[in-house]
Amino acid sequence: MFRILILQSSSLTFDLMAERGVALSGEVEYRRRIREELLSKNINPYPHKPIFQPQSLKSILENPVEGAEVALAGRVAGVRRHGGLVFLDIIDDGLRIQASIDKSKTGEIFDFFTRYVDLGDFINVKGVLYRTKRGELTVEVRGLQLLAKSLRAPPVKYGHRLVDPEVRYRKRYLDIMMTPEVRRILEIKFRVLEETRKFMWSKGFIEVETPVIQPIYGGAEARPFKTHVWALGVDWYLRISLELHLKRFIIGGFNKVFEIGKVFRNEDIDAQHNPEFTMMEAYQAYADYNDIMNLTEELISHLAEKVVGKRVVEVPVGEVRERIDLTPPFKRITMYDAFREFAGVDVERLSDEEIRDLLAKNSIQLAGGYDRGRAIVKLFDKLVGRRHLIQPVFVMDYPRSSSPLAKPHRYNPELAERFELFIAGLEIANAYTELNDPVLQAEYFKAEEERRRRGDEEAHPFDWDFVEAMEYGMPPTGGLGVGLDRVSMVLAGVSSIKEVIPFPMMK
RNA sequence: GGGCCCGUAGCUCAGCUUGGUAGAGCGGCGGGCUUUUAACCCGUAGGUCCCGGGUUCAAAUCCCGGCGGGCCCGCCA
């Protein structure tokens, strides 16, 4: 019943491991000996395919028929021996089933299992479904094949959490393997990506792609990653946003485009930030930021419904778990009104002197010199900030000078038509009525360049090529950027962005 | 960048204040056990006490420096 395959030279890998300085604990040595023994008996510990064509565990569990013969494959996650009867847990694709091997019925299989199969090994079994005294659906094993020998024991019992964050994130496969909850949270992230695509497609947006490696970066305020392009002998950058290239699609004549992709910002790593993260940006011709606001709240509530099946979620904010209602319409408030409502400050009427005082009082320093608009945004973060923006809220109408890619407000040239969506204190989305006047755009880039000269490393570099594109004519456009990692945090109810990034950046 | 806390067996942690033979539970291995499911019972192996330096007759323990991690603050979309 076991396939006989080629014997391999086995001392080689052993030497390699020793050379690499890999510690061979007693456990690993023990399992290596089992592997050698199997090879010496012409039993391949790593066959190419299961003998018993495995069904998905999902299909077995969906419609279990007692007495039916089934075959499956999976990892041995638990073993409970009772003399001549052994119960084992097999996990396959995130699901678990129990199997049993009865010595009195299948002595050969029983002996093989107890001799050669350890926790963590992949096996292929066929058998008959029955229910134990306790009523648990179980496969009575009638055929067994070892599919892959594991040389290291699982670090914890299946279902138990790995505690050390260092191990959890660096060896994420173990975290995913051992803890169903970890898998569930990551699946929320992946479903967010999937449902965002479906939603945008259903709205008539075309998914496009734009370059990651660029001679000039832009579309956000951030320090970029630099990378060397060997073929050209130049240093270019990894993108910090998708914005400027997606707008080129609009200029080129695509009316509704979106992209889901990684962007890279050379900044701190903490509970809300990972240097590479996933953005969805969308641009729609003939729309303004009001249309985009409607689209955004529809997207968020759609994701809540499709991904977690509910519109009210619980999210940890500081010490408490907040109940957050994602049912639209979301609250909409202008930034100035938010200042009045949450901080009791009428920022609109403050003189520049008073604003400078407030900056000093809150020990805020502005890179690149004083600018009223930028100062107000900083004060907003400080005075209103996270603690007041728990339920979904669109904060609208930012000071114009803080938003060099947005169109000035139709009723007030001091403001830009821009909004940000906050949920659970997290900045979730950022959107504009896009600037499409190339002369203003050039002017704003120039101001950014000036600010850069004064020492603000995060000011936008002047993108001549983009201005030239706009000079050919760009329709009025609404644009949106959504941080999908943060959306996933809200839906999964977790407080660290690392939870929703499979392999977060580690020092 | 600042403050606080942590680093000891595969995992979770005790021991450190008061310096004197390296500990527990789980896991592993061996044995027992035919309806368990964090199975149970008996036995047993397993250690660069994060690294380096200092004090001391003697350092896991005290001191200094470093590395790694966590939380809070600052910075930051």
Side-chain angles (χ1 to χ4, degrees), chain A residues 21 23-31 33-34 77-90 96-107 110 114 118-120 130-138 140 151-171 174 178 219-223 240-241 243 263 265-275 277 279 318-319 362-367 377-378 380-382 385-386 398 402-403 418 420-422 426-431 456-458 481-483 485-486 495-498 506-507:
Chain A
L24 292 175
S25 70
E27 174 71 13
V28 174
E29 279 174 35
Y30 167 79
R31 289 179 180 231
R33 279 200 301 278
I34 298 290
V79 176
R80 293 174 293 282
R81 284 201 51 187
H82 297 265
L85 182 67
V86 56
F87 289 99
L88 48 146
D89 299 323
I90 300 174
R96 175 199 158 276
I97 194 169
Q98 176 168 270
S100 64
I101 304 173
D102 189 328
K103 186 172 189 175
S104 69
K105 293 179 186 159
T106 53
F110 183 91
T114 50
D118 292 298
L119 230 45
Y130 74 105
R131 289 197 183 270
T132 63
K133 281 182 185 170
R134 298 264 178 106
E136 174 156 359
L137 189 70
T138 303
E140 158 79 44
L151 295 187
R152 294 174 187 270
V156 293
K157 284 193 182 184
Y158 178 69
H160 288 231
R161 281 183 170 280
L162 289 173
V163 173
D164 186 350
E166 182 73 5
V167 175
R168 283 196 55 206
Y169 297 127
R170 274 195 208 283
K171 305 189 178 187
L174 291 175
M178 305 317 294
E221 287 191 10
R223 229 184 309 256
I240 61 171
S241 84
E243 176 154 357
V263 299
R265 301 188 181 176
N266 214 336
E267 288 166 353
D268 259 4
I269 304 170
D270 62 32
Q272 283 87 41
H273 301 83
N274 194 64
F277 62 100
M279 291 261 288
E319 299 294 297
N362 290 284
S363 53
I364 299 169
Q365 292 181 355
L366 279 186
V377 173
K378 287 276 186 191
F380 180 80
D381 289 343
K382 188 82 180 185
R386 305 199 169 118
Y398 282 53
S402 71
S403 312
R418 171 185 183 181
E420 291 192 302
L421 171 63
F422 293 87
L426 295 169
E427 186 192 329
I428 298 288
N430 184 20
D456 186 349
E457 288 182 70
E458 300 193 341
V482 183
D485 310 276
R486 295 204 176 150
S495 57
S496 170
I497 200 168
K498 286 186 167 68
M506 302 290 284
K507 208 171 180 178

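Every chain is numbered from 1 and lettered A, B, ... according to where its sequence line falls, protein lines coming before strand lines.
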For A:Ile497 and A:Gln272: C-alpha separation, side-chain torsions, deciding distance, then whether side-chain contact (heavy atoms from CB on, under 4.5 Å) applies.
CA-CA 5 Å; A:Ile497 200 168; A:Gln272 283 87 41; 5.8 Å; no

If each of A:Gly84 and A:Lys378 is mapped to the nucleotide of RNA chain B with the nearest heavy atom, which maps nearer the 5' terminus, i.e. the 5' end?
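Going by which nucleotide is closer to the 5' end, it is A:Gly84.
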
Reading RNA chain B from 5' onward, which residue's closest nucleotide shows up sooner: A:Gly83 or A:Leu162?
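With A:Gly83 and A:Leu162 compared, the 5'-side residue is A:Leu162.
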
Nucleotide paired to [N] in any strand shown, Watson-Crick or G-U, under 3.5 Å:
N     : result
B:C62 : B:G54
B:G68 : B:C6
B:G23 : B:C13

Report yes if at least one side-chain N or O of [X] is closer than 4.0 Å to OP1 or OP2 of [N]; otherwise report no.
X        : N     : answer
A:Arg80  : B:U37 : no
A:Arg134 : B:U37 : yes
A:Lys382 : B:G74 : yes

When rounded to the nearest Å, what value does the distance between [atom1] atoms of [N] and [M] take?
N     : M     : atom1 : result
B:A22 : B:G31 : P     : 32 Å
B:A45 : B:A9  : C1'   : 11 Å
B:A60 : B:U17 : C1'   : 14 Å
B:A14 : B:G3  : C1'   : 28 Å
B:G43 : B:G27 : P     : 16 Å
B:G19 : B:A59 : C1'   : 6 Å
B:C51 : B:U44 : P     : 30 Å
B:C49 : B:C62 : C1'   : 16 Å

[X] has an atom [atom1]; how far is it from atom [atom2] of [N], in whole Å?
X        : N     : atom1 : atom2 : answer
A:Arg131 : B:U36 : CZ    : C1'   : 16 Å
A:Lys103 : B:C33 : NZ    : P     : 9 Å
A:Arg168 : B:C11 : CZ    : P     : 15 Å
A:Asp102 : B:U35 : CG    : P     : 10 Å
A:His273 : B:C73 : NE2   : P     : 13 Å
A:Arg223 : B:G1  : CZ    : P     : 12 Å
A:Asp164 : B:G7  : CG    : C1'   : 9 Å
A:Leu137 : B:U37 : CG    : C1'   : 14 Å

Restricting to non-hydrogen atoms, name the atom on [X] and the atom on [Y] that form the minimum distance, rounded to 0.1 Å.
X        : Y        : result
A:Arg161 : A:Val156 : O-CG1, 4.3 Å
A:Val263 : A:Ser241 : CG1-CA, 3.7 Å
A:Asp89  : A:Arg96  : OD1-NH2, 2.8 Å
A:Pro155 : A:Leu174 : CD-CD2, 3.8 Å

Please determine, for the side chain of [X], which listed nucleotide ([options]) has the closest atom?
X        : options             : value
A:Arg170 : B:G70, B:U36, B:G69 : B:G69
A:Val163 : B:U12, B:U36, B:C33 : B:U12
A:Lys133 : B:C11, B:C75, B:U35 : B:U35

Using a heavy-atom cut-off of under 4.0 Å over every strand shown, decide if [X] touches base, sugar-phosphate, or nothing.
X        : answer
A:Glu221 : sugar-phosphate
A:Arg81  : base
A:Glu458 : sugar-phosphate
A:Glu267 : sugar-phosphate
A:Ser104 : base

For A:Asp270 and A:His273, indicate whether the former's side chain and the latter's backbone hold a donor-acceptor pair under 3.5 Å.
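Present.
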
Just wondering, do A:Glu140 and A:Lys105 contact through their side chains at under 4.5 Å, heavy atoms?
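Yes, their side chains come closer than 4.5 Å.
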
Minimum side-chain heavy-atom gap A:Arg31-A:Asp118 below 4.5 Å:
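A:Arg31 reaches A:Asp118 side chain to side chain.
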
Using only modelled atom types and a 3.5 angstrom limit, is any donor from either the side chain of A:Gln98 or the base of B:U36 paired with an acceptor on the other?
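For A:Gln98, whose side chain was compared with the base of B:U36, there is a donor-acceptor pair (under 3.5 Å).
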
Using only modelled atom types and a 3.5 angstrom limit, is any donor from either the side chain of A:Arg161 or the base of B:U12 paired with an acceptor on the other?
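For A:Arg161, whose side chain was compared with the base of B:U12, there is no donor-acceptor pair (under 3.5 Å).
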
Name each donor-acceptor pair under 3.5 Å that joins a side chain in residues 97-104 of chain A to protein atoms two or more places apart or in another chain, with its distance.
from, atom 1, to, atom 2, distance (Å)
A:Gln98, OE1, A:Arg80, NH2, 2.8
A:Gln98, NE2, A:Thr138, OG1, 3.0
A:Ser100, OG, A:Tyr130, OH, 2.7
A:Asp102, OD1, A:Ser104, N, 2.9
A:Asp102, OD1, A:Ser104, OG, 2.8

Could you list all N or O pairs between the protein and nucleotides 22-27 of chain B that sit under 3.5 Å apart?
from, atom 1, to, atom 2, distance (Å)
B:G27, OP1, A:Lys157, NZ, 3.0

Can you say whether the rings of A:Phe87 and A:His82 are parallel (under 30°), tilted (30 to 60°) or perpendicular (over 60°)?
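Perpendicular.
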
